[in-house]
Amino acid sequence: MAQIPPGQLATYGQIAELIGVWGAARQVGWALRRLPLPSPIPWHRVVNARGQISFTPSREGSDWIQRELLLAEGIPVDAAGRLPLARHRWQPR
DNA sequence: ACATTGACCTGAG
DNA sequence: GCTCAGGCCAATG
């Protein structure tokens with residue numbers, strides 16, 4: 001995830017595929033859940049395949065922090081957490 | 001050892 | 001756009 005350039009987005013499935021484990025998207029989510037909050041890695045550039053932030057009570061507000069961080073990078077996010085994934089999709093190489 | 005639970009994905013209607 | 005069903009795999013009870 002540290003390779004994701006600023007202003008670009010990746011999906012959970014994309015990360016899983018990148019590390020060679022197809023279908024491990026949930027474990028990517030698990031890994032993010034146990035991250036310390038502030039973290040040196042750009043966890044906020046990871047969203048789900050539907051192009052929106054994954055809101056859930058178990059995050060206890062970190063989802064809203066994510067929204068702010070994305071806005072700070074110039075990515076528009078509406079109140080529902082939806083964002084233009086198609087335009088900011090990161091192409092790994 | 002079994003069952004449930006997720007910051008999820010894909011494909012078929 | 002939408003819902004539904006099936007899959008994935010680590011952690012937790």
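The analysis underlying the following values was restricted to heavy atoms, covering all of them including side chains, and did not include hydrogens, waters or symmetry mates. Here is the naming used below: chain letters follow the sequence lines, and residue numbers restart at 1 for every chain.
Counting to the nearest Å, the C1' atom of B:dA7 and the CZ atom of A:Arg67 are 17 Å from each other. Following rounding to the nearest Å, A:Tyr12 (OH) and C:dA10 (P) show an atom-to-atom distance of 18 Å. To the nearest angstrom, P of C:dC9 lies 18 Å from CG of A:Leu32. As rounded to whole Å, 11 Å separates atom P of C:dG1 from atom CD of A:Gln52. Whole-Å rounding puts the A:Glu17 CD to C:dC9 C1' distance at 17 Å. One interatomic measurement links the two molecules: CD of A:Glu60 to P of B:dG6, which rounds to 13 Å at whole-angstrom precision. A straight line from CG of A:Asp63 to C1' of B:dA7 spans 8 Å, rounded to a whole angstrom. Rounded to whole Å, atom P of B:dC9 lies 15 Å from atom CG of A:Leu18.
Spacing between B:dA7 and C:dG6 at atom P, rounded to whole Å, works out to 23 Å.
Side-chain atoms of A:Trp30 lie closest to C:dA10 of the nucleotides C:dA10, B:dT10, B:dA7. For A:Arg26, counting side-chain heavy atoms from C-beta on, the closest listed nucleotide (B:dC9, B:dA7, B:dG6) is B:dG6. In this structure, the nucleotide among B:dC8, B:dT10, B:dA7 sitting nearest to the side chain of A:Trp22 is B:dT10. Nearest nucleotide to the A:Gln27 side chain, out of C:dC9, B:dC8, C:dA11: C:dC9.
Position along DNA chain C of the nearest nucleotide to A:Val21 versus A:Arg82 favours A:Arg82 as the more 5'-ward residue. Along DNA chain B, the nucleotide nearest to A:Arg50 and the one nearest to A:Leu37 differ in position, and the one closer to the 5' end is contacted by A:Leu37.
In this model, no side-chain donor or acceptor of A:Arg33 finds a partner on the base of B:dA7 within 3.5 Å.
If you run side-chain hydrogen bond (donor to acceptor under 3.5 Å, both in side chains) between A:Arg45 and each of A:Gln66, A:Glu73, A:Gln8, A:His88, only A:Glu73 comes through.
Using modelled atom types, one finds no donor on one side chain facing an acceptor on the other under 3.5 Å when comparing A:Glu68 with A:His44. Side-chain contact of A:Ser62 with A:Arg59: a donor-acceptor pair under 3.5 Å is present, judged by distance alone.
Side-chain atoms of A:Thr11 come within 3.5 Å of backbone atoms of A:Gln14 as a donor-acceptor pair (strictly under, hydrogens ignored).
Not one side-chain nitrogen or oxygen of A:Ser58 sits closer than 4.0 Å to the OP1 or OP2 atom of B:dG6.
Taken to the nearest 0.5 Å, the CG atom of A:Leu71 stands 9.0 Å off from the CG atom of A:Leu83.
When heavy atoms are screened at a 4.0 angstrom cut-off, A:Ala24 is found touching no nucleic acid atom at all.
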